[in-house]
Amino acid sequence: MAADPFDSVNSNENLEPISRAADQGAPEWSVPAAQLGRKLRGLRGGRTLGWLKARTHFSVSKLSRIENGQRRLNDPQDVAKILDALGMAHGPDRAALMELAVAASQKNPPGFHRDSGAGALQRLSGMVWEASLLIAVDVNVVSGALQTDAYMQAVTEVTVLPSRRHEAPAAIEARKVRRRVVRESGIRAVFCMHQSALYRVMGDREITIEQLEKLLEYTETPNIGVRIIPVELPLALQVTNLTLLHLDAPGGMPELIYVEAGEREGHYYYPGEKDAAAFEDYKEILNSVVARACLRERSRELIREAIEWHRARL
């Protein structure tokens, strides 16, 4: 991107990162599992999962989970069996893949939720730990990583389906993990949110005002940029959130996009794969939004205007 999305005098400053070991809930296997799955898909090429099932005696669903990288790998030797089936000889390349398999099988951290929705959010937090840049676009509410506890609770109550209310506490804890990682890891992050989200009451007006005041504070945080998308800017997204991560892992995937569309679990898109066209489409949307969203001072003005609007209606 040509323009600095942070638009801040101190935009190059970073918070002092905390120790990864001190974190609770963000799994370290997230990036290795994604890298491993991506490489295994590439090795399989045009051969079907059914073809691989017949040679490994693993179920198609298990093979799919491994290739998607969205779950912790239970046993690194499963990857060895897959590599045998694919005819990969022993050597440096195979050894590198087995190292990834070991990294992808690290134990879940304390506080990790196995529920697919909360687990997906915590997996994203694990990705953030390994990223150098995060850019997110939110359509309906203040970005999850910037939400206060009360606002987060209100958003969850509105968005979780009645049949899955039992998952709400885990989802809230997972969002808190992501919030902490963004604030404490030192990642450069820019959050673009639609102006209409500033006027949408979550819980009650007091909770909403408290959230917007906190959002103003975030505009002064060195490693965080807050950009408001004005109502005049059309944003015809069929998703609720787009998150782009730039990763610095040597020899791995350089970036990925995570998409939330209200379903149980979001979807990851990677460059150069079968869904590469979708990746490029979403990336173009992100670039366009960052380029056209309001700069820092104007965004602060819009947040203040929304605060005053809510206060006048208390």
Side-chain angles (χ1 to χ4, degrees), residues 26-108 112 114-131 243-245 247 249-261 263-283:
E28 295 188 49
W29 53 260
S30 297
V31 171
Q35 292 174 333
L36 177 65
R38 188 167 183 252
K39 291 179 182 295
L40 291 176
R41 285 197 301 275
L43 287 172
R44 180 165 59 84
R47 291 168 288 194
T48 67
L49 287 175
W51 178 92
L52 194 55
K53 171 189 174 182
R55 287 155 179 80
T56 60
H57 303 293
F58 296 150
S59 68
V60 168
S61 61
K62 177 175 180 173
L63 292 169
S64 179
R65 286 195 301 271
I66 293 174
E67 288 194 359
N68 288 334
Q70 295 188 12
R71 296 289 187 276
R72 171 182 169 271
L73 186 66
N74 289 326
D75 185 354
Q77 288 306 309
D78 289 346
V79 173
K81 293 178 182 178
I82 293 173
L83 296 179
D84 287 341
L86 293 172
M88 189 176 199
H90 289 272
D93 291 342
R94 179 171 175 135
L97 288 174
M98 289 307 300
E99 286 182 12
L100 273 180
V102 171
S105 63
Q106 296 177 79
K107 291 183 178 180
N108 286 320
F112 183 81
R114 296 182 182 275
D115 166 76
S116 62
L121 290 174
Q122 287 177 287
R123 177 180 175 239
L124 181 61
S125 297
M127 296 278 197
V128 172
W129 269 114
E130 305 299 330
T243 299
L244 171 70
L245 293 179
L247 301 165
M253 54 193 177
E255 55 190 0
L256 62 88
I257 290 176
Y258 179 73
V259 178
E260 292 181 17
E263 68 265 33
R264 185 180 177 86
E265 186 171 354
H267 187 78
Y268 287 87
Y269 293 90
Y270 306 98
E273 296 203 353
K274 63 180 181 180
D275 50 9
F279 175 89
E280 294 301 330
D281 286 343
Y282 284 128
K283 187 174 181 179

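Predicted model, so just to flag it, every value in this text is computed and none were measured.
- The distance from atom CD of Gln77 to atom NZ of Lys81, rounded to the nearest 0.5 Å, is 8.0 Å.
- Leu73 CG to Arg65 CZ: the interatomic distance, rounded to the nearest 0.5 Å, is 10.5 Å.
- Between Ala85 and Arg55, the closest heavy-atom pair is CB-CB, 3.8 Å.
- Remark: the backbone N or O of Ala277 is not paired with any side-chain donor or acceptor of Glu280 at under 3.5 angstrom.
- To the nearest 0.5 angstrom, Phe58 atom CZ is 13.0 Å from Leu49 atom CG.
- In this structure, Met98 CE and Asp93 CG are separated by 14.0 Å, a value rounded to the nearest 0.5 Å.
- With contacts defined as side-chain heavy-atom distances shorter than 4.5 Å, the pair Lys283/Tyr269 does not qualify.
- Put simply, the side chain of Met127 does not reach to within 4.5 Å of the side chain of Tyr258, judged on heavy atoms.
- Here the closest heavy-atom approach between residue Leu256 and residue Tyr268 is recorded as CD1-CD2, 3.6 Å.
- We find the OH-NE2 distance between Tyr282 and His267 to be 8.5 Å, quoted to the nearest 0.5 Å.
- At distances below 3.5 Å, at least one donor-acceptor pair connects side-chain atoms of Arg47 with backbone N or O atoms of Arg44.
- Residues Ser105 and Pro76 come closest through the heavy atom pair OG-CG, 3.5 Å.
- Separation of atoms CD (Glu67) and CG (Leu36) is listed at 9.5 Å; rounding is to 0.5 Å.
- Between Asp78 and Thr56, every side-chain heavy-atom pair lies at or beyond the 4.5 Å cut-off.
- Between Leu97 and Met88, the closest side-chain pair of non-hydrogen atoms falls below 4.5 Å.
- When all heavy atoms of Lys53 and Leu63 are compared, the pair lying nearest together is N-CD1, 3.6 Å.
- Closest approach of Pro32 to Ala104, counting heavy atoms only: CB-N, 3.8 Å.
- Counting heavy atoms from C-beta outward, Leu40 and Leu83 have side chains that approach closer than 4.5 Å.
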